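Please read these numbers as outputs of a predicted model, since none were measured by experiment. Residue numbers start from 1 in every chain, and the chains themselves are labelled A, B, ... in the order their sequence lines are given, proteins ahead of strands.
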Amino acid sequence: MTLRTRFAPSPTGFLHIGGARTALFCHLHTRHYGGTTILRVEDTDIERTKQEAVEAILEGMRWLGLEPDEGPYYQSANSQKHLDIADQLLIAEQAYRCYCSKEVLDQMRDEQRASGLKPRYDGRCSKLKSAPSPDAPFVIRFRRPKVGEVIWQDKIQGEVRVRNDELDDLILVRSDGTPTYNLAVVVDDHNMGINLVIRGEDHLSNTPRQIQLFEALAWDVPDYAHMPLLHGEDGAKLSKRHGAVSVLSFREEGFLASAVNNYLVRLGWSHGDQEIFTTKEMEELFDICEVGRSAAIFNSDKLLWINSHHIMDAQPEDLVDELIYQLKLINIEDVDKKRLIEIIPEFQERSKTMVEMAQKVSFLFVDELPEYEPSAAKKHMKIAAIDPLSELTKRLESCPEWDIDSIEKVFKSVLDAYEIKMVKLAQPVRVALTATATSPGIYETVFMLGRLKTISRLQAGVIFLEEKAAATE
RNA sequence: GUCCCGUUCGUCUAGAGGUUAGGACACUGGCCUUUCACGCCGGUAACAGGAGUUCAAUUCUCCUACGGGACGCCA
């Protein structure tokens, strides 16, 4: 039997990091076993459904490379099928009409809570022979088994048992005639041939009810795997309030999709001492059965570290589009892609994010360098550097070739002529060329910048120093 | 409140009835060095508490504490 899994988000907002993790685990486990992934939008609550949300979820999945093999299907498109099943249950007396108003139910729950009971429907309408009045509004409730228990072998949680008397008769069809989530899921999972349900642990308590429904309908019960939740830094379930931002904001912040996936897969799952995984490795190695049962806390430091490794390990060709994207955000446009690919290797092990990389390469593309960073200027732009710097400028200007070796020779010759150490020359040059105290190797920096910009920035550096010297006299 | 689940360094995790309780992030000392990084070597740091089973428990059982989830005509 081939594996069929589904990711079933409700379209009420963007795809956040917790949802992404569920989608990822679904995707990886299914790939590992050569199955089929299905995306099904759980939009049975029309009120709360937003079309933009569906788009946002899709976009998030696309970015992470988690596109489903089938779908998106919309649960609302199957309403009639859901209702037919409800009718079938009604006829078989496995369901009944309940006429209790919301007020009555609220009051009942309040009373139960007050006397220390678990709030749940007491089944008062289950024995009703007829409607209290001909046009009384009603919901359809499932007549659940009262004795015994539901037991299933959860792929993550192990054996789970729930006594039937802990449960109540859940609503299958609302008073407005629309099917509820619990009915829809069971019918759709069955119709779509889903044989493994991977979802968050917050659904654990729905599972026994759904199993009861499967059994009442004499359908095969799928396997279940309930993932421990991902918590925010404060230890509570992720929500809009604590950092459950759209996964797409990670792209904005310069994270690679593969790094985000890598980070998420290590929350609850491990493979020996390995920390860095390519997407391919994850697909080969991951198994939902190996996932642990305790919740993890989101930690951005580790994500950052993993991202830096994915940047280092990437091919420049695979980074260039993200770099262009980030450069645009800081108003650097129309850069030559080929040139970018050539310079990227110099920045890969210096950038933890693509945002950082964009900042670090920006000195190569701007016409006007910003003011020198005060601390860099103070530390390295010393008056003593005037002569070596202007001499270097001259020699670079007349250097016959423009390659790393020739540039190095010019530097060495200036060093010899003035009997100074490399730092004394390299750092002032770096500040003059980049306005900062950090950059790739100085020969590489000079080479990448090109002769024209190098010479003019060095000249500007000399002038800066001369003015400083004049001012201190 | 009721039901369910969880608890190994600050964080993510490995681990087995007997281990110097391993790795990673973060922090930190050093090396490398033209800067920043990368890399390398080292350091600090954990089995929530209490009973029981056992020659032996952090590992098995129970209780407590703490944390989380669920208790909707939401999904």
Problem set entry | Donor-acceptor pair present, A/Arg293 side chain and B/C5 base, under 3.5 Å | no
For this session: Indicate yes or no: does A/Arg40 engage A/Asp189 in a salt bridge with an N to O separation below 4.0 Å.
Result: yes
Exercise. NE2 of A/His309 versus P of B/C12: gap in Å, rounded?
Worked result: 20 Å
Problem set entry | Contact list for RNA chain B against residues 180-188 of chain A - heavy-atom distance below 4.0 Å | A/Tyr181
Problem set entry | Interatomic distance at P, B/C60 relative to B/G6, whole Å | 11 Å
Exercise. More 5' along RNA chain B: A/Ala296 or A/Val139, using each one's nearest nucleotide?
Worked result: A/Ala296
Problem set entry | Residue A/Ser270, side-chain atoms from C-beta onward, closest of B/G1, B/A14, B/C12 | B/A14
For this session: With the side chain of A/Asp202 defined as its heavy atoms from C-beta on, choose the nearest nucleotide among B/C3, B/G69, B/G72.
Result: B/G69
Exercise. So which nucleotide from B/G23, B/G69, B/A75 ends up closest to the side chain of A/Asn206?
Worked result: B/A75
Seminar exercise, completed: Between A/His226 and the options A/Gln157, A/Lys155, A/Arg199, the side chain to side chain donor-acceptor pair (under 3.5 Å) test singles out A/Arg199
Exercise. Where along residues 424-438 of chain A does a heavy atom come under 4.0 Å from RNA chain B, residue by residue in number order?
Worked result: A/Ala426, A/Gln427, A/Arg430, A/Ala437, A/Thr438
Exercise. What integer number of Å spans the P atoms of B/G17 and B/C3?
Worked result: 34 Å
Problem set entry | Qualifying residues under side chain to side chain donor-acceptor pair (under 3.5 Å), relative to A/His203, sequence neighbours excluded | A/Tyr181, A/Asn206
Seminar exercise, completed: Closest of B/U34, B/G6, B/U13 to the A/Ser294 side chain is B/G6
Exercise. RNA chain B: A/Ser175 or A/Asp301, which has the more 5' nearest nucleotide?
Worked result: A/Asp301
Exercise. Just wondering, more than 12 heavy atoms not from A/Lys424 lying within 6.0 Å of its NZ?
Worked result: no
Problem set entry | Salt bridge present between A/Lys302 and A/Glu275 (N-O < 4.0 angstrom) | yes
